[in-house]
> 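Okay, handing you the structure first.
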Amino acid sequence: MSKAEKVFSLARRRGFFWPAYEIYGGVAGFYTWGPLGVLLKNKIRSFWREMFVYRHGFVEIEGPSIAPEIVFKASGHVEGFKDVMVSCLNCGAKYRADKLLEERGVEAPEGLSPEEYLGLIRENNVRCPSCGGELGNPGYFITMFQTTIGPYSDAVGYLRPETAQNMFTEFRRVYEVMRRRFPLGVAQIGRGFRNEISPRQGVIRLREFDMMEIEFFFDPEDEDFPWAEEVMDEELNILHEELIRSGGRDYETMTVREALERGIIHYRSMAYFMVLAKRFIAALGIPEDRQRFREKLEGERAHYARKVFDQEVLLDRWGWVEVSGHADRTDYDLSRHSKYSGRELAVEKRLEKPITVTVREAYPEPRRIRESYPEKIGEIMRSLSGMDPEELYRLLDSQGYIEVAGVRLGKEFFRLEVGEERRSVKKIIPHVVEPSFGLDRIVYATLEYAYREKGDRVVLSLPAYVAPIEAAVYPLLDRDDLRGLAEDIVLELEENGFRVFYDYGDSIGRLYARGDEIGVPIAFTVDMRSLRDDTVTARDRDTWVQYRVERGRVVEMVERLVSGEPFEEIARSMGLEKVSV
RNA sequence: GCGGCCGUAGUCUAGCCUGGUAGGACGCCGGCCUGCCACGCCGGAGGUCCCGGGUUCAAAUCCCGGCGGCCGCACCA
């Protein structure tokens with residue numbers, strides 16, 4: 001059995017996750033997170049939020065999962081991810097029409113209809129690559145889930161394929177609410193939906209999944225990013241374009257400084273988020289040498305991105321798998337939404353020193369226009385008043401006239417003003433660097449790396465700060481007096497906000513084994529001595545080492561463990577007596 | 001979507017070829033025992049044999065279709 005199978009089997013058996021709708025045979029690409037899975041997921045989510053959002057004064061929003069079609073037209077998803085598919089009339093295989101033509105060296109303009117594609121295919125006598133059969137049945141395939149909004153069937157909506165768009169559509173308001181603080185980091189954690197053609201890798205590739213994304217809005221000409229300083233000497237494993245093209249190794253290890261100097265990473269902010277991503281994944285128990293950042297080449301990248309690094313972790317069964325993506329989305333999204341909505345999505349940036357700019361503006365002279373076109377004056381003035389004076393000047397300057405209401409007005413109909421103006425702000429459309437994480441696969445990777453076997457027993461060595469259940473309490477024997485004391489301890493831990501795995505009735509070895517298997521980092525056992533001196537044993541999940549601790553200090557011990565302190569260190573600094581077994 | 005392999009208690013599986021109505025291990029529940037690492041003994045519960053249809057006196061078993069899983073191809077913003 002592969003490790004993945006073992007993890008899936010454990011996940012199912014103990015309730016981390018399992019395929020959804022099992023009683024109806026299941027539906028590919030949909031999974032249910034069970035009781036332990038939800039706890040683990042929540043912890044990892046909070047850990048991320050703490051590390052990426054709160055620590056930098058970023059803000060989080062929560063928008064709807066469904067958006068009207070216009071949003072995804074603006075974002076480019078409707079056009080970019082509506083592929084024309086053709087199928088082989090003989091063997092039934094399906095192909096993307098554009099890719100098929102491209103392979104044959106046939107140039108096809110973008111945005112052709114399915115029939116036009118088929119026409120080109122017939123003209124060039126392109127046949128099925130696998131069986132040589134004739135191609136037909138052209139049609140669209142959109143990897144977004146489509147729905148309708150409200151009772152009108154023509155109000156098309158889509159389930160978002162990424163949470164990012166909410167951050168762009170709501171940008172103005174967030175910027176305003178944040179009192180125009182800039183640069184601005186906006187985060188969102190939520191569901192994304194992709195109607196994958198063939199999702200197969202369990203919880204690694206879902207049709208509905210959780211994403212944790214940040215859009216960091218900044219001025220590309222003045223990248224003010226102080227946090228980057230502290231990570232300059234930190235190392236990253238990068239499989240960069242040059243290395244890929246030379247058919248090189250898995251990755252090259254270099255410092256952030258070097259990556260920036262060599263131009264492999266362009267933005268300090270992106271480099272910083274990549275370091276953070278590395279630390280985040282490492283903190284979940286995945287060693288640095290099992291992580292890398294792979295640069296996405298031209299053609300692999302999404303339509304909106306100029307540069308992308310995928311953070312990948314090495315999984316037992318599937319090899320390198322993406323857990324986060326770091327994209328330079330430029331001003332693509334805000335510019336597009338600005339264009340489609342007609343709203344300005346710029347920020348005003350205060351300049352350190354006011355600058356003087358030359359302003360060239362043109363204003364119409366109504367009296368002269370009336371003299372020449374008395375019957376059209378109303379219409380002309382209505383049109384001109386809606387136009388930007390600077391734009392008018394530019395047009396007059398370049399083409400010599402303005403065409404409006406069917407007449408050409410030359411410069412003589414305008415008052416031209418050229419003057420100097422002092423400016424202390426400039427308007428910019430922010431650029432965006434986006435770190436984007438796939439939560440479900442991160443949880444899976446965490447489980448896979450935590451999965452250990454000790455003889456024929458399974459131990460989930462989850463870091464204490466993400467363990468779904470923080471502590472276990474067992475009576476050594478199933479006796480009323482021992483259980484009574486154990487239950488008091490359970491209650492005390494629960495009152496302090498911890499989840500407790502309380503079990504009894506079996507041999508102590510079996511109890512320990514059950515707790516280990518779901519990753520409970522520490523177990524307290526009440527024995528006969530506990531009744532005499534009010535101490536219990538504290539056992540470490542990974543080493544099985546035990547110390548005696550006073551009952552009143554059990555909570556303290558768990559608190560310290562969960563905050564990241566190693567078991568042995570806690571025992572030492574608390575001056576605990578080691579138990580020889 | 002295509003091709004190959006596969007689908008049997010919570011888990012892992014035997015049985016399928018050569019049709020006769022399901023067996024084991026672990027886990028689970030109860031009891032006894034034990035007294036710090038899935039201890040031992042006794043007892044027990046738990047199965048629409050993925051779903052639907054067909055062939056047959058009779059289908060887990062043979063045939064067809066569907067769903068799901070794994071591998072390869074394609075896809076993966």
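In what follows, chains are A, B, ... by sequence order, proteins preceding strands, each numbered from 1. Everything numeric here is computed off the predicted structure, so don't read it as measured data.
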> Please tabulate the protein-to-nucleotide N/O contacts below 3.5 Å involving nucleotides 69-73 of chain B, giving atom names and distances.
{"unit_1": "B/C70", "atom_1": "OP1", "unit_2": "A/Arg200", "atom_2": "O", "d": "2.1"}
{"unit_1": "B/C70", "atom_1": "OP2", "unit_2": "A/Arg200", "atom_2": "O", "d": "2.7"}
{"unit_1": "B/C70", "atom_1": "O3'", "unit_2": "A/Arg317", "atom_2": "NH2", "d": "3.1"}
{"unit_1": "B/C71", "atom_1": "OP1", "unit_2": "A/Arg317", "atom_2": "NE", "d": "3.4"}
{"unit_1": "B/C71", "atom_1": "N4", "unit_2": "A/Arg200", "atom_2": "NH1", "d": "2.4"}
{"unit_1": "B/G72", "atom_1": "O6", "unit_2": "A/Arg200", "atom_2": "NH1", "d": "3.3"}
{"unit_1": "B/G72", "atom_1": "O6", "unit_2": "A/Arg200", "atom_2": "NH2", "d": "3.0"}
{"unit_1": "B/C73", "atom_1": "N4", "unit_2": "A/Arg200", "atom_2": "NH2", "d": "2.8"}

> Salt bridge between A/Glu295 and A/Lys307, side-chain N to carboxylate O under 4.0 Å?
yes
> Any Lys/Arg nitrogen of A/Arg294 or A/Glu322 sitting under 4.0 Å from an Asp/Glu carboxylate oxygen of the other?
no
> Report which part of the nucleic acid A/Asp516 touches: base, sugar-phosphate, or nothing (heavy-atom distance under 4.0 Å, all strands).
nothing
> Look at the side chain of A/Glu196 and decide which nucleotide, out of B/C37, B/A77, B/C76, has an atom nearest to it.
B/C76
> Does a side chain donor of either A/Ser65 or A/Arg191 reach within less than 3.5 Å of an acceptor in the other side chain?
no
> For A/Tyr474, which contact category applies under a 4.0 Å heavy-atom criterion: base, sugar-phosphate, or nothing?
nothing
> Which part of the nucleic acid, if any, lies within reach of A/Ala513 when heavy atoms closer than 4.0 Å are counted: base, sugar-phosphate only, or nothing?
base
> Measure the distance from CD1 on A/Ile518 to P on B/A38 and round it to the nearest whole Å.
18 Å
> Say we look at B/C63 and B/C16: how far apart would their P atoms be, to the nearest angstrom?
14 Å
> Does anything in residues 474-484 of chain A pair up under salt bridge (charged side-chain N to carboxylate O under 4.0 Å, His left out), and if so which pairs, sequence neighbours excluded?
A/Asp478-A/Arg483, A/Arg479-A/Asp481, A/Arg483-A/Glu487
> What protein N or O atoms touch nucleotides 39-42 of chain B N or O atoms at under 3.5 angstrom, if any, and at what distances?
{"unit_1": "B/C39", "atom_1": "OP1", "unit_2": "A/Arg510", "atom_2": "NE", "d": "2.9"}
{"unit_1": "B/C39", "atom_1": "OP1", "unit_2": "A/Arg510", "atom_2": "NH2", "d": "2.2"}
{"unit_1": "B/C39", "atom_1": "OP2", "unit_2": "A/Ser507", "atom_2": "OG", "d": "2.9"}

> Do the charged groups of A/Lys6 and A/Glu448 touch, with an N to O distance under 4.0 Å?
no
> Once you round it to whole Å, what is the distance between C1' of B/C29 and OH of A/Tyr504?
13 Å
> With a 3.5 angstrom cut-off on both distances, give the Watson-Crick or G-U wobble partner of B/C62, or none if there isn't one.
B/G54
> Please identify each residue that fulfils salt bridge (charged side-chain N to carboxylate O under 4.0 Å, His left out) with A/Arg541, with sequence neighbours left out.
none
> Compare the ring of A/Trp544 with the six-membered ring in the base of B/C37 and state whether they stack (centres under 5.5 Å, planes under 30°).
yes
> For the P atoms, the ones on B/G44 and on B/G24, what distance do you get once it is rounded to whole angstrom?
12 Å
> Taking the side chain as every heavy atom from C-beta outward, state whether A/Phe309 and A/Ile265 have any pair of such atoms under 4.5 Å apart.
yes
> Could you identify the nucleotide paired to B/G72, looking across every strand shown and requiring Watson-Crick or G-U wobble geometry with both distances under 3.5 Å?
B/C2
> Listing time: all N or O pairs from protein to nucleotides 8-14 of chain B that are below 3.5 Å?
{"unit_1": "B/U11", "atom_1": "OP1", "unit_2": "A/Arg12", "atom_2": "NE", "d": "3.0"}

> Which whole-number value in Å describes the distance from A/Leu511 CG to B/C37 P?
12 Å
> Take atom C1' in B/U56 and the same atom in B/G19, then report the distance between them in whole Å.
9 Å
> Side chains of A/Ile281 and A/Val323, heavy atoms from C-beta outward: is any pair under 4.5 Å?
yes
> In whole angstrom, give me the gap between the C1' atoms of B/C57 and B/G52.
23 Å
> Taking the minimum atom-to-atom distance to the side chain of A/Met144, which one of B/A38, B/A77, B/C36 wins?
B/A77
> Using the C1' atom as the reference point in each nucleotide, state the distance between B/C28 and B/G69 in Å, no decimals.
26 Å
> Taking the same atom, P, in B/G53 and in B/U61, what whole-Å distance lies between them?
13 Å
> For A/Arg452, which residues count as a salt bridge (charged side-chain N to carboxylate O under 4.0 Å, His left out) partner, sequence neighbours excluded?
none
> In whole angstroms, how far is the P atom of B/A77 from the NE2 atom of A/His303?
12 Å
> Does the ring center of A/Phe293 lie less than 6.0 Å from the ring center of A/His326?
yes
> Whole angstroms only, please: what is the CD-P distance between A/Glu298 and B/A77?
15 Å
> Rounding to a whole Å, what distance do you find between A/Tyr332:OH and B/A77:C1'?
11 Å
> Starting from P on B/C76, measure out to CZ on A/Arg294 and report it in whole angstrom.
13 Å
> Tell me the partner of B/U18, counting only Watson-Crick (N1-N3 plus N6-O4 or O6-N4) or G-U wobble (N1-O2 and O6-N3) with both under 3.5 Å; none if nothing fits.
none
> If we count only N and O atoms by modelled type, under 3.5 Å, do the side chains of A/His337 and A/Ser335 hold a donor and an acceptor together?
no
> Tell which nucleotide pairs with B/A77, taking only Watson-Crick or G-U wobble pairs whose two distances are both under 3.5 angstrom.
none
> For the residue pair A/Tyr21 and A/Phe30, categorise the inter-ring angle as parallel (less than 30°), tilted (30 to 60°) or perpendicular (more than 60°).
perpendicular
> Mind checking who B/G10 pairs with, Watson-Crick or G-U wobble, both distances under 3.5 Å?
B/C26
> Is the distance between the ring centroids of A/Phe280 and A/Phe437 under 6.0 Å?
yes
> Is any side-chain N of the basic residue among A/Arg539 and A/Asp516 closer than 4.0 Å to the acidic one's carboxylate O?
yes
> What nucleotide among B/A77, B/C36, B/G27 has an atom nearest to a side-chain atom of A/Pro161?
B/A77
> What integer distance in Å separates A/Ile23:CD1 from B/C50:P?
17 Å
> Suppose you measure atom P in B/C33 against the same atom in B/C42; what distance do you get, rounded to whole Å?
16 Å
> What integer number of Å spans the P atoms of B/G20 and B/U11?
26 Å
